[in-house]
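See below for the structure under consideration.
Position 1 is the first residue of the sequence; numbering continues from there. We count ligands from 1, going down the list as the structure has it; atoms in each ligand are counted the same way.
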Amino acid sequence: MKKADIGVIGMEVMGKSLALNMESKGYTVAVYNRTGQKTKDFADGPAKGKNIIPTYEIKDFVNALESPKKIMMMVKEGAPVDGFIEMLLPFLKKGDLIIDGGNSFFKDTIRRNKNLSEKGIFFIGTGVSGGEEGALKGPAIMPGGQKEAYQLVEKIFRDISAKAYDGEPCVDYIGPDGAGHFVKTIHNGIEYGDMQLIGEVVWFFKNTGMKADRIADIMARWNGKDDILRSYLIEITADSMKQKHAGSDEFLVDRVADITRMKGTGTWTVQSALELLVPIPTIAAAVFSREMSQDKDLRLAMSKNFSFSSGKFGGNPEEMIDVAHDALYIAKISSYAQGIALLTAASSVYNFNLNIGRIAKIWRAGCIIRAQFLDEITRAYEANPNLPNLLASPKFAGFVSANIGKLARFIEVAHQCGVPALAMSSAFDYILQITSAVMPSAQVSALQRDYFGAHGYFKINSGSPELMVNSEGKVREFHTEWLVPGRPEKEITK
Ligand code: NBP
């Protein structure tokens, strides 16, 4: 029997769909799952009659593969990934390749890559985005690991990946060791931000008195061919909001509880941002909002004592549609600017050597955040690969400057109605902060820190936002002796 071109471990939705996708592109695929019954069900079901080899022992699985052996794991992140690596190792030779396609923590991937490299085994940690349908019909793939390892599977990955409207495969070598999983994590963080921003706009419309089908129509229009908001998430919002609750005249969205659960990637994004000191308030707002959504009992109890959360919108809802459209676009630009700033910082700290323009290209199809807006991001970074922030790109800067008042108005009206808009507000404030030459509150707290802890402060020149520097160009640092009569100021430049 012909040996398999590649093996897939993990016969849940992702592994099964990827195996079928690979087979449909002409590859023979060996499959394995810890619980053998799932492999059998797959072999007797969707894989029947296809070039898919079911195996029930790890040894048989590895033996079924052509050398160098290429093994893709689609299993739960964490201990199962380490467990399978241990099980595979006795059967592998130098130059064989293990791929972890699950949502693993990038630092685990760096560790696994290092350990396996020492044994001569290649290791790729790759993001696979697009859920079950993406895995089956074409996901966006974000592989990180040794370049030579990527070359072993480049053709398979290009064949199975989603294709953007210009035919380009949504896969590219991302960088060494943990780069692929890091980029997938931040992709998911950005996805959290997008979902929260859309959720806040929809909830705002609902509070102005609009019914779900009216909101669905607005979303469908915003997903129009040339609309700047056109994206998969807007499309599925429009589609899902028209859905009626089974057996009733109510819309399903009005019966779904306001509890959004999550797995690890949003939290990892925020943790990385804290570790690398990169502000990502909108993505953090999205994660915190999911946490707040899960505090249902507390919110129910608190809502009985406060009435402002049920304020009514007094104006004409139709007037707010265009305002909300541009407000959402600006908030989205702000949120992506934050996510990209985090990618850029990580790239230099972890030597990932990320190419932001190429990453945005990979995300144009197959993944959850696919949107035409990503083309604009690619163009912005192609025009200037050293862009200090997405908001600095002339096209985005122009739109934001001309329309920021609409985001301010959206937030103001939402708050007057008692509608929380944590992500929209933080997106607005991020723009205000990053474009402020001086942040007064920071100056005040600098003084407070010096007062209680002698932590020192920098100064600006009189009448100018520029930092005070000495003749060598070094920023001058000072401390006031607050408890000494006359409170003398000393220069403490180091
Ligand atoms: P799951 O994340 O539900 O994982 C199921 C697989 O993990 C099964 O093969 C299961 O084996 C195996 N597994 C578990 Br659970 N515990 C194990 C253990 N202790 N030892 C060995 N195997 C174990 O499957 P999925 O939803 O297909 O996702 C696969 C990966 O892809 C995950 O990392 C996920 O985060 C990622 N991902 C999922 C999606 C999505 O939309 N679902 C999208 C993108 C990425 P068993 O059958 O014997 O229990």
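The one candidate from Arg230, Arg364, Arg370, Lys361 that meets the salt bridge (Lys or Arg N to Asp or Glu O under 4.0 Å) condition with Asp375 is Arg364.
The proximity of Lys263 to ligand 1, defined as any non-hydrogen pair under 4.0 Å, does not occur for either the backbone or the side chain. Only backbone heavy atoms of Val128 (N, CA, C or O) come within less than 4.0 Å of ligand 1; its side chain stays farther off. Of all the heavy atoms of Asn33, the ones lying under 4.0 Å from any atom of ligand 1 belong exclusively to the side chain.
In this structure, Phe61 has its ring center at least 6.0 angstrom away from the ring center of Phe91.
Heavy-atom proximity to Met11, at under 4.0 Å, picks out these atoms of ligand 1: 9 (O). Of all atoms in ligand 1, numbered sequentially from 1 with element shown, those under 4.0 Å from a heavy atom of Asn103 are 33 (O), 35 (O), 36 (C), 37 (N), 45 (C). Within ligand 1, counting atoms from 1 as listed, the ones closer than 4.0 Å to a heavy atom of Gly10 are 9 (O). For ligand 1, the atoms lying closer than 4.0 Å to a non-hydrogen atom of Met74 are 29 (C), 31 (O).
Listed by first and then second residue, the ring-ring contact (aromatic ring centres under 6.0 Å, His included) pairs involving residues 242-278 are Phe105-Trp268 (not counting sequence neighbours).
Within 6.0 Å of CD in Glu291 there are more than 12 heavy atoms belonging to other residues, nucleotides or ligands. Applying the 6.0 Å contact sphere to NZ of Lys296 captures more than 12 heavy atoms from other residues, nucleotides or ligands.
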Are Phe373 and Tyr329 close enough, and set up right, to give a ring-ring contact (aromatic ring centres under 6.0 Å, His included), and what steps lead you there?
-> CA-CA 9 Å; Phe373 160 72; Tyr329 187 56; 5.7 Å; yes
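Between the side chains of Asp227 and His325, at least one donor N or O lies within less than 3.5 Å of an accepting N or O.
Taking CG from Asn355 and CD1 from Ile362, the interatomic distance works out to 9.0 Å, rounded to the nearest 0.5 Å.
Atom 41 (O) of ligand 1 has as its closest protein heavy atom Gly131 CA, 3.4 Å. From the protein, the heavy atom lying nearest to atom 48 (O) of ligand 1 is Thr35 OG1, 2.4 Å. Of the protein's non-hydrogen atoms, the one nearest atom 22 (N) of ligand 1 is Phe84 CE1, 3.5 Å. Ranking the protein heavy atoms by distance from atom 26 (O) of ligand 1 puts Val13 CG2, 3.6 Å first.
Of the listed options Glu77, Lys76, Glu133, Lys76 places a heavy atom closest to atom 2 (O) of ligand 1. Compare Met14, Lys38, Glu132 by their heavy atoms: the one nearest to atom 38 (C) of ligand 1 is in Met14. For atom 13 (N) of ligand 1, the candidate residues are Lys16, Arg34, Glu12; the nearest heavy-atom contact is made by Arg34.
In terms of heavy atoms, Val81 sits closest to Ser104 at CG2-OG, 4.1 Å.
A heavy-atom distance below 4.5 Å is not found between the side chains of Leu136 and Lys16.
Polar contact check, Val75 against ligand 1: a nitrogen or oxygen pair lies under 3.5 Å apart.
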